[in-house]
Amino acid sequence: MSSQPSQHNPLRIVYAAGPGDVAGTYGYWRDGQDDPTQVAMTCSGMFYDLCRANGDMGYVIASNRRPARIVNKTFLIEHRPIRFLQSAAVLYHLGQVWSGLRLLVSAVRYRADAAVVVEGSTHWFMLGLFRYFGIAVIPSLHCVLWPKFRQTGRKPNWVSRTIRSLSCRFFAKTRSGILVMSSDIAAQVREVSDGKARNIVSFLPTYKASAFDGIQPCDPEQRPFRVLFAGRVETNKGVFDLLNIAKRFAAAGRSEIEFDLCGTGGALESLKQQAAAAGVQARFRCHGHCERSTMREMYSKSHVVIVPTRTDFVEGFNQVIAEAVLAGRPVITSAVCPALEYVRGAAIEVAPDDENAYGDAILSLCDNPALLTEKLAACTKFREQFLDLGNAWNANLRLLLEHVRHRGVKHSSSATAVYPSQPVA
C-alpha cells in the first residue's frame, strides 16, 4: 500500500472500533511501533495507516473504559464506554439504542462521509439512520450473528425477534459494502438479508512474520507432550472440558501429557481451584495473561494447540488457530471455529462439545509421531494467507471506501470538521 496521501477526495471517516484500547495503539503507531499487547496487526493501527496513506481524516470511537481523548489535525480518538452492557435485557437494549444515537450525532457533527462500525457498537438497525444524513455505513463483522450450531429449545422473545427483523432490513439495504472475517459470517449475512446484501468482502487476521521469530521447531518425540490453550478462560471456551480431559488422562496413568493454559477470564480462579482439588494442577497449569515473549516460550515448548470453543459461543474466526499455524503447531478444534476452514490440513477436527473426542485427538498425536510430523509439516502451507497484506482488514476496507470516494464527498477538503469540545453526552 502506498504511503503517499491521495490527492483526490479525502474522506472524513468515523470508525466505531469496539472495546479495544485505540488510544494506546495510536501512541505506539505514532512512534512507529507495533502494539506489544497484541499479536495480530490491530484494526485500529491499520485504520491509522489507511488514513495516512489516503490523506483521510478519522474519528475513532472505542468503548474502552480507560479515559482517553486525542485530537490533532488528522485524528480525533476517543474512549467512550457504552452504558448498560452488563445489565438486564431491557437496559442493555436501551444502551445499544442510545449508543447508536450518540454515534449518529458524533458522525453528523464531524461531517462524516462514511462510518465503519464494528459489532457491539450499537444494534445494527440503528445504522440505517445514517443514510438519511448522507453517511455511507460499512459494517465490520468479526463475530457470527448467532452461534453456528443453533441451540434447540427456548425460542427467542419478541424483542429479540424484532431486533433481528430490523437488522435483516439493514443488511439487505446496505450498499456501501460489508466486511466479514470469515465465510461463516458471510453466509449468515446472506441468510438474514434473503440474499440481498451486496459487496460482502472477506478479510483475514494479519500478522508480521517477526511476531513469531524465536519459536523453536517442535520435536515429536520430546516428552512431556504439551498441549497449549490460549485465549479467554471461560466456560464457553471449553476450559472445563480440558480439565475433564486432564483428569481422564491422570486416571489412565498418562502422566506424560501436560496442559498449559494462557489467558485470563471469569472462570480462571474456579478452574485453578478445581484443578487443585482434582490433584492435577502440576500438569494442568494456568499461567494467566502472557506477554508476547512468554507466548513464544509457550509455543516453543508445546506440541499442539487446542481450541475447544463450545457451541453456545459466537465465534467469528478464532485467531489463536491462525497464530498456532504461524508458530508451526497443529490445532485440535471443531467446526464451531470458522478458522478451521482455512487451516484444515494442519488440524484435527472433532465433533463440537465432545470432550472425549478432544481427548482422543490429543492421544492420537501423542502416540503417533508420524501423524504429528505430518500435521507439523502442513502448517507451512497455510502460513502465507495470514502474512499477506492483501488479505488484511484495511486493504479490503480501502476497496469499499473507494466507492464512497468516487461518488464524491459531501464536503470540500478545506472545510473544517466539528470536533466536540467534550464527548457527546
Tyr26 ring center near Phe75 ring center (under 6.0 Å): yes
Centroid-centroid distance, Phe382 to Tyr342, less than 6.0 Å: no
Test log, rule salt bridge (charged side-chain N to carboxylate O under 4.0 Å, His left out), inputs Asp34 and Lys208: CA-CA 10 Å; Asp34 297 323; Lys208 293 183 178 179; 2.9 Å; yes
Validation row: His79, Arg69 side chains within 4.5 angstrom (heavy atoms): no
Trp98-Tyr92 aromatic ring centre distance below 6.0 Å: no
Side-chain touch Pro224/Ile257, heavy atoms, less than 4.5 angstrom: no
Pairwise side-chain contact, Leu103 with Phe130, heavy-atom cut-off 4.5 Å (strictly under): yes
pair Ile215-Ser300: side-chain heavy atoms closer than 4.5 Å: yes
Within the 6.0 Å centroid threshold, strictly below: Tyr207 and Phe212: yes
Ring centers of Tyr15, Phe47 separated by less than 6.0 Å: yes
Geometric cation-pi criterion, Lys237 with Phe313: 6.0 Å, 45°: yes
Validation row: Ile61, Ser106 side chains within 4.5 angstrom (heavy atoms): yes
Flag side-chain contact, heavy atom, 4.5 Å: Asn54 against Leu11: no
Sub-4.5 Å side-chain heavy-atom contact between Pro308 and Glu355: no
Steps toward salt bridge (charged side-chain N to carboxylate O under 4.0 Å, His left out) verdict (Arg285, Glu258): CA-CA 8 Å; Arg285 297 176 290 268; Glu258 300 183 355; 2.9 Å; yes
Gap separating the OG atom of Ser202 from the CG atom of Asn391, nearest 0.5 angstrom: 9.5 Å
More than 12 heavy atoms of other groups within 6.0 Å of Arg344 CZ: yes
